[in-house]
Amino acid sequence: MKDKTFAIIKPDAVNKGYTGKIYDRILKADFNIIGAKLLHMTPKIAKEFYSVHKEKPFFNDLIHFMTSGPSMVLALQKENAVQSWRNTIGATNPEKAAKDTIRKDFASNVQENAVHGSDSDENAQKEIAFFFIDSELLSN
Ligand code: UDP
Ligand code: MG
């Protein structure tokens, strides 16, 4: 079975109409989309999802941003999915993101940075399970 990662097309990118363009990047990078849904995060959901950052100075602003509009949550499958997706999205701060990465091309700033990507296989599994039940995921 291939590796999986969890991605979000964040409210800034959904609001600007970039969902289709980001789907193109996902498919061009050879990921299989095995789960997808549009949802509007509540503060409770956003705080739980980003709980690892709760002591950070940017936490409250991040929660405000993530609850500001709809997001597209995605489960992606590919060999070495976590690292491959991090390479496809680029650095957290778009000013530091490499050429042709999603954040370089679609992010506004370090907060409104268009997409999320898991940072480890363990977190990918947890994050997929946080947003999807088994019947919402393709299995192959
Ligand atoms: N973030 C922010 N200010 C910062 C660092 C991060 O607003 O100085 C936001 C940004 O949206 C980022 C998220 O918090 O994507 C999670 O931060 P993390 O360091 O985990 O970056 P990521 O894994 O998303 O690249
Ligand atoms: Mg992170």
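Counting convention: from 1, in listed order, for ligands and their atoms alike. Positions are given from 1 along the sequence.
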Which protein residues have a heavy atom under 4.0 Å from ligand 1?
->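 These residues qualify: Lys10, Tyr50, His53, Phe58, Leu62, Arg86, Thr92, Arg103, Val110, Gln111, Asn113.
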Any side-chain heavy atom of Phe59 sitting closer than 4.5 Å to one from Ile63?
->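 Sidechains of Ile63 and Phe59: in contact.
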Modelled atom types, side-chain donor and acceptor of Asn113 and Lys10, under 3.5 Å |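 Note: Asn113 and Lys10 side chains meet the donor-acceptor criterion.
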In terms of side-chain heavy atoms, does Asn87 have a donor or acceptor partner in Gln83 at a distance below 3.5 Å?
->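 Indeed, the side chains of Asn87 and Gln83 share at least one donor-acceptor pair under 3.5 Å.
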Take the angle between the ring planes of Phe6 and Phe131 and call it parallel below 30°, perpendicular above 60°, tilted in between.
->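 Phe6 vs Phe131 ring planes: parallel.
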Over 60° means perpendicular and under 30° means parallel, so classify the ring planes of Phe58 and His53, tilted if in between.
->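 Rings of His53 and Phe58: tilted, as their planes differ by 30° to 60°.
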Write out all pairs satisfying salt bridge (charged side-chain N to carboxylate O under 4.0 Å, His left out) with one or both partners inside residues 15-36, taking only residues at least two apart or from two chains.
->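 As it turns out, the salt bridge (charged side-chain N to carboxylate O under 4.0 Å, His left out) pairs with a partner in residues 15-36, which skip direct neighbours, are Arg25-Asp105.
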